[in-house]
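Below you'll find the structure, written out as structure tokens, and then a few comments.
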Amino acid sequence: MQTWSLVSISVLLAVVVRWSVSLNSYSGAGKPPMFGDYEAQRHWQEVTYNLPLQQWYFNTTDNDLNYWGLDYPPLTAYHSWLCAYVAKLINPEWVELHRSRGFESPAHKLFMRATVLVTDVLIYIPAVVLYSFFLTGGSTKKRVSVLLSILLYPGLILIDYGHFQYNGVSLGFALWGILALGLSWDMLGSIAFSLALNYKQMELYHALPFFCYLLGKCVKAGLLGRGFMLLVRIAVAVLVTFALCWLPFLADPSQALQVVRRIFPVARGLFEDKVANTWCSLNTLIKIRSILTGDSQLYLSLALTLLAALPSSIRVLMKPTFWHFKLALVNSSLAFFLFSYQVHEKSILLAALPVCLLLNEFPFMSIWFLQASTFSMLPLFLKDGLLVPYTVTSVGYLFLTVYLLSTLDESSEELGTYSKLFFFLPSKYLACMIRWKFYISIALMAVLSILSVALEPPTHLPDLFPVLVSTTAFLQFLGTFIHFNIVQFNEPSKKNQKKNK
Amino acid sequence: MAASVDSWSWFTALAVGVSLLKCLFINAYHSTDFEVHRNWLAITHSLPVSRWYHENSSEWTLDYPPLFAWFELGLSQAAQHFDPNMLQVENLNYASPSTVLFQRLSVVFTDLLFIYAVKECCRCVQVQKGSVEVLNRPSFVLAVLLLWNFGLLLVDHIHFQYNGFLFGFLLLSLAKHLQSRHLQGALLFAILLNLKHIYLYVAPAYGVFLLRSYCFTKDHPDGSIRWSSFSPLRLLALGSIVSSVFALSFGPFVAMGQLSQVLSRLFPFKRGLCHAYWAPNVWALYNSADKLLAVLGVRLKLVKEAELPRASMTGGLVQEFQHAVLPSVSPAVTLVCTLLSILPALLSIWRRPRGSRAFLRCLLICALASFMFGWHVHEKAILIAILPLSILAVESREDAGIFLVLTTTGHYSLFPLIFTPAELPIKVCLMLMFTVFSFSALGKLHRAQGSLLRPLEIVYLLGLVAVAIGCEFIFPLSPWQQKLPFLPLLVTSVYCALGVSYSFLRLYVTLLRSDGKAKQL
């Protein structure tokens with residue numbers, strides 16, 4: 001079969017799966033007074049459409065910031081404003097100031113879901129298609145397999161089309177950035193990544209590797225010659241993009257400052273809910289929040305995050321190859337997820353994106369991580385009534401990736417890092433051990449999923465299952481983090497080096 | 001994957017993949033057929049057998065043959081663990097989340113039989129020698145064409161019906177015939193007939209084929225019948241198998257003296273010539289010709305407008321359709337037309353049987369002929385032709401061409417079944433997926449013999465795209481939406497009727513031509 005037909009079938013399948021998931025419930029459906037992220041996005045449309053731009057980020061009589069106040073950077077606000085225009089054309093009730101609060105109807109749901117699909121089809125999906133065709137090695141079949149495996153990653157689908165968010169936009173822009181960097185279009189790449197940052201501040205998880213990779217490239221080209229010119233060009237591209245995004249807010253410094261204050265809500269505490277990072281998991285043993293003051297919590301988490309992210313970033317600064325860049329993206333986003341301040345469970349998607357890009361090189365570890373990342377959001381999915389799509393897409397994904405990428409057969413090839421750690425074991429036993437670890441962890445995730453659904457938690461431990469889920473996922477994330485750091489500090493095998501040239 | 005050239009792991013992947021996809025449609029729109037089957041679950045579970053075909057508290061009375069009723073009884077045993085309330089007859093239009101879950105899952109799980117049948121069919125496909133890549137193997141293509149069939153996904157898993165499981169019986173029976181296990185094939189078909197009597201459409205092909213090729217053991221060298229080779233023993237075996245299935249199914253009702261009641265439920269001739277929405281067949285063309293003539297007649301002052309039957313122009317959706325100019329059609333006429341149209345095909349395989357593949361072709365002609373000329377045909381019935389034709393399509397270039405025209409028009413004609421805007425992206429994308437696959441995979445399969453479609457066919461199919469865009473996207477926004485609400489349905493069924501009729505004629509030509517060739521030999 002021709003490549004074009006395989007690609008179009010894959011993309012169509014991805015759209016069908018996305019849209020089928022979107023037929024299910026969304027966060028906060030029919031739950032006044034606060035509803036959920038769906039209402040937040042609708043509310044932003046209402047606010048941006050009806051209020052002058054100067055009031056968007058301020059608490060006024062018409063803009064109650066305690067009710068889903070805008071706390072994302074300007075591009076998100078512009079996007080909401082654009083959606084609001086379309087909404088107004090279809091049904092003005094959807095964005096009427098004050099009176100539309102908590103508006104829910106089947107037609108409105110259809111509209112909101114359609115806006116997600118449109119952004120996905122315009123931004124995220126093309127980037128994935130181009131990435132898997134230009135930056136993945138191997139036969140056509142292999143590339144199509146990688147394409148399908150990235151497109152059908154359940155975590156992103158369930159959050160965007162089930163729970164309701166626009167992660168496809170920020171991740172899509174970031175992927176366009178990665179894609180451009182991989183093709184050596186450094187300026188375009190930095191513009192795309194700046195857009196991602198201006199859509200969602202969480203993209204900072206990826207900022208360090210981007211910065212270090214580009215800087216390293218400039219240094220390598222010679223900071224006194226061509227490298228300097230490159231650096232200037234990139235800096236100008238980034239500054240101009242930022243300036244354009246922030247233009248309306250720059251006239252008045254207090255405006256810009258307020259936006260920054262909204263984007264980084266330091267006052268919200270070290271962590272909320274149950275999230276599979278260090279702080280929340282540590283909390284089961286030590287109650288950090290009662291020991292340390294708010295400020296020292298902030299500094300501690302900042303220091304630890306930088307400490308965890310720096311090694312891989314410095315490595316990419318010294319060796320600016322695309323292979324190192326991709327690994328650094330994984331390591332940095334995982335470091336941020338595990339150690340930084342105010343992490344949401346959905347932020348694991350930021351680590352999942354670069355891991356998806358490693359599906360071709362490290363299928364076994366990547367799939368393991370991607371499964372665990374979907375699993376880590378289980379409590380959220382259960383709250384949103386997404387049990388059926390969660391089950392179907394996760395089981396399907398496990399099956400699909402294991403079949404398409406023949407993961408289990410190739411697991412032994414990836415064991416380079418393990419054989420260094422456990423040099424005393426023969427590699428045959430090691431392969432067996434790793435595979436069993438994989439089976440056991442998958443089984444553990446399945447059992448915990450079933451238990452969370454089927455059993456009532458004991459009355460004195462109401463959060464038993466969410467805590468178990470997040471701790472299990474945390475251990476897996478920590479393992480992945482350590483694994484990919486070790487991988488990055490080992491020289492890439494000859495096969496990989498060839499691919500990069 | 002090189003190691004797994006001969007393994008069937010790809011088949012498992014396809015089957016599991018599509019089953020999971022089906023599970024994603026659980027919360028999608030479902031038609032009134034959902035309530036029909038819930039009601040049947042309730043009837044069979046809570047009433048004695050003697051009441052099954054008398055119960056009428058719901059408008060959706062039990063109108064499938066008895067074996068299907070027993071099948072519903074079996075399902076209801078599992079249903080009571082999901083939600084016992086769905087099993088109460090008086091709970092009309094009951095659709096709690098667990099009821100939906102159960103009913104949807106029951107379709108997905110009974111499809112296991114379909115999956116098994118597809119596997120058997122794939123085994124029967126002639127395999128080329130040498131290790132061709134999996135994607136280009138006929139058996140792989142056939143498996144996708146059957147398992148991922150757009151029409152079946154749409155009708156069973158969104159609209160809601162149990163066709164997958166029924167087609168499982170049909171395909172399994174066909175596979176048994178292709179493997180020359182005729183008695184098993186006959187048994188399976190007899191069961192199928194007692195599950196859903198719509199398969200009576202293809203029963204003539206079965207009857208003639210079994211009588212001719214199974215009960216007569218030898219032919220003359222030119223393929224014509226050798227009367228002396230008749231085997232009474234075989235006829236007896238065949239007869240006893242078929243009649244025991246019927247006895248099992250209808251026996252209890254005969255004993256209770258309810259046969260006429262059951263039959264009146266099974267064959268409700270009170271319904272109109274065409275279904276609510278016109279299936280793309282000859283009567284759709286006939287009806288629209290009638291409308292056209294009426295309009296022309298009024299314009300040319302040949303007919304007075306007052307004399308025309310009322311509502312004939314606005315009632316695209318009215319079941320009782322009154323013809324204005326052309327004579328009205330009675331059930332008897334449709335029956336005669338159908339029989340006349342299948343007669344040449346039956347005679348052809350009676351004179352020279354030419355093996356199971358000619359039988360398959362004859363079966364397709366029977367299915368299409370009943371679809372073209374039958375009384376109150378549902379558009380879903382086109383699947384009876386599309387699915388078995390897939391088997392022929394992977395084996396010969398000409399059939400592949402017919403298949404592409406028939407499936408594209410037939411599948412498109414299913415679009416009006418799912419009219420809710422929320423499901424629009426799903427039906428469009430699924431249809432595109434299936435169409436892209438069938439065009440590129442069949443094209444690659446028969447690459448050596450040249451292009452699959454003739455220029456005119458390509459023009460016709462491109463026209464279908466225009467019709468689709470017009471009906472689905474442009475029309476709802478146009479001012480005609482208010483004045484002529486039935487226009488898209490009319491255009492769709494008339495345009496599709498052309499393609500279906502064309503495929504029917506070409507299929508007929510291939511059968512009769514192979515008859516001619518056999519004669520020359």
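So that the names make sense, note that chain A is the first sequence line, chain B the second, and so on, each numbered from 1. As the structure is a computational prediction, the values presented were derived from the model and not from experiment.
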For the candidates A:Arg113, A:Gln2, A:Lys109, which exhibits the highest count of non-hydrogen atom pairs separated by less than 4.5 Å from chain B? A:Gln2
Largest heavy-atom contact set with chain A, pairs under 4.5 Å, which of B:Lys444, B:Met433, B:Glu423, B:Lys427: B:Met433
Quick check on the interface: out of B:Asn27, B:Leu24, B:Val428, B:Leu101, who has the most heavy-atom pairs with chain A under 4.5 Å? B:Leu24
Under 4.5 Å heavy-atom distance to chain A, tell me which part of B:Ile26 shows up: side chain, backbone, both or neither. side chain
Counting only non-hydrogen atoms closer than 4.5 Å, does [X] touch chain B with its backbone (N, CA, C, O), its side chain (CB onward), both, or neither?
X        : answer
A:Val15  : side chain
A:Leu400 : neither
A:Ser5   : both
A:Leu13  : both
A:Val392 : both

Working to the nearest 0.5 angstrom, can you tell me the gap between B:Leu14 CG and A:Tyr403 OH? 7.0 Å
More than 12 foreign heavy atoms under 6.0 Å from NZ of A:Lys383: is that the case here? no
Could you go step by step and tell me if A:Leu23 and B:Tyr29 meet the side chain to side chain contact (heavy atoms under 4.5 Å, CB included) rule? CA-CA 9 Å; A:Leu23 297 174; B:Tyr29 152 85; over 6 Å; no
Can you tell which of B:Ile158, B:Leu430, B:Ile426 makes a side chain to side chain contact (heavy atoms under 4.5 Å, CB included) with A:Ser20? B:Ile426
